[in-house]
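One structure is given here, and the rest of the page talks about it.
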Amino acid sequence: MTPTVQRYEQIEREALALTWACELFSDFIIIGKHFSLETDHKPQVSLLGGKAISDLPPRFQRFRMRPLRFDYDILYIPGKELYTPDALS
């Protein structure tokens with residue numbers, strides 16, 4: 001992470017991670033193909049999925065606009081039920 005990103009708040013870093021993952025795997029996420037983003041951070045659901053873009057702070061607006069080309073739902077899954085990331089870490 002760059003020094004600037006290291007100074008982001010935790011919620012901003014998690015939003016950046018979701019955005020970065022969409023861009024990284026864009027070759028596998030066919031544009032127009034519906035997929036689900038799963039997060040264990042409940043505020044991300046409203047920030048990246050529910051609120052209007054104009055109601056968000058500028059940094060979250062940028063995080064929200066970057067994956068707009070994809071057709072996704074963002075779901076809250078409690079951390080104890082996210083087995084795959086735990087197995088990989």
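Remember, it's a predicted structure, so these values are computed and weren't measured experimentally.
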What pairs of donor and acceptor atoms, side-chain ones from residues 62-75 against any protein atom, are under 3.5 angstrom apart with sequence neighbours left out?
{"from": "Arg64", "atom 1": "NE", "to": "Leu48", "atom 2": "O", "distance (Å)": "3.3"}
{"from": "Arg64", "atom 1": "NH1", "to": "Lys51", "atom 2": "O", "distance (Å)": "2.4"}
{"from": "Arg64", "atom 1": "NH2", "to": "Lys51", "atom 2": "O", "distance (Å)": "3.2"}
{"from": "Arg66", "atom 1": "NE", "to": "Glu23", "atom 2": "OE2", "distance (Å)": "2.9"}
{"from": "Arg66", "atom 1": "NH2", "to": "Glu23", "atom 2": "OE1", "distance (Å)": "2.8"}
{"from": "Asp71", "atom 1": "OD1", "to": "His34", "atom 2": "ND1", "distance (Å)": "3.4"}
{"from": "Asp71", "atom 1": "OD2", "to": "His34", "atom 2": "ND1", "distance (Å)": "3.3"}
{"from": "Tyr72", "atom 1": "OH", "to": "Leu48", "atom 2": "O", "distance (Å)": "3.2"}
{"from": "Asp73", "atom 1": "OD2", "to": "His34", "atom 2": "NE2", "distance (Å)": "2.9"}

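- The closest donor-acceptor contact from the side chain of Glu38 to the backbone of Ile77 lies at 3.5 Å or more, if one exists at all.
- Leu18 is not connected to Ile53 by any chain of hydrophobic side-chain contacts under 4.5 Å among Ile, Leu, Val, Met, Phe, Trp and Tyr, and they are in different clusters.
- Residue pairs meeting the side chain to side chain donor-acceptor pair (under 3.5 Å) criterion with at least one member in residues 39-49: none, sequence neighbours excluded.
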Please output the side-chain donor-acceptor pairs of residues 7-16 that fall under 3.5 Å, not counting sequence neighbours, one pair per line with the distance.
{"from": "Gln10", "atom 1": "OE1", "to": "Arg13", "atom 2": "NH2", "distance (Å)": "3.3"}
{"from": "Gln10", "atom 1": "NE2", "to": "Glu14", "atom 2": "OE2", "distance (Å)": "3.2"}
{"from": "Glu12", "atom 1": "OE1", "to": "Glu9", "atom 2": "N", "distance (Å)": "2.9"}
{"from": "Glu12", "atom 1": "OE1", "to": "Arg59", "atom 2": "NH1", "distance (Å)": "3.0"}
{"from": "Glu12", "atom 1": "OE2", "to": "Arg59", "atom 2": "NH1", "distance (Å)": "3.2"}
{"from": "Arg13", "atom 1": "NE", "to": "Tyr8", "atom 2": "O", "distance (Å)": "3.4"}

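- By the 6.0 Å contact criterion, OH on Tyr76 is enclosed, its count of non-hydrogen atoms from other residues, nucleotides or ligands being greater than 12.
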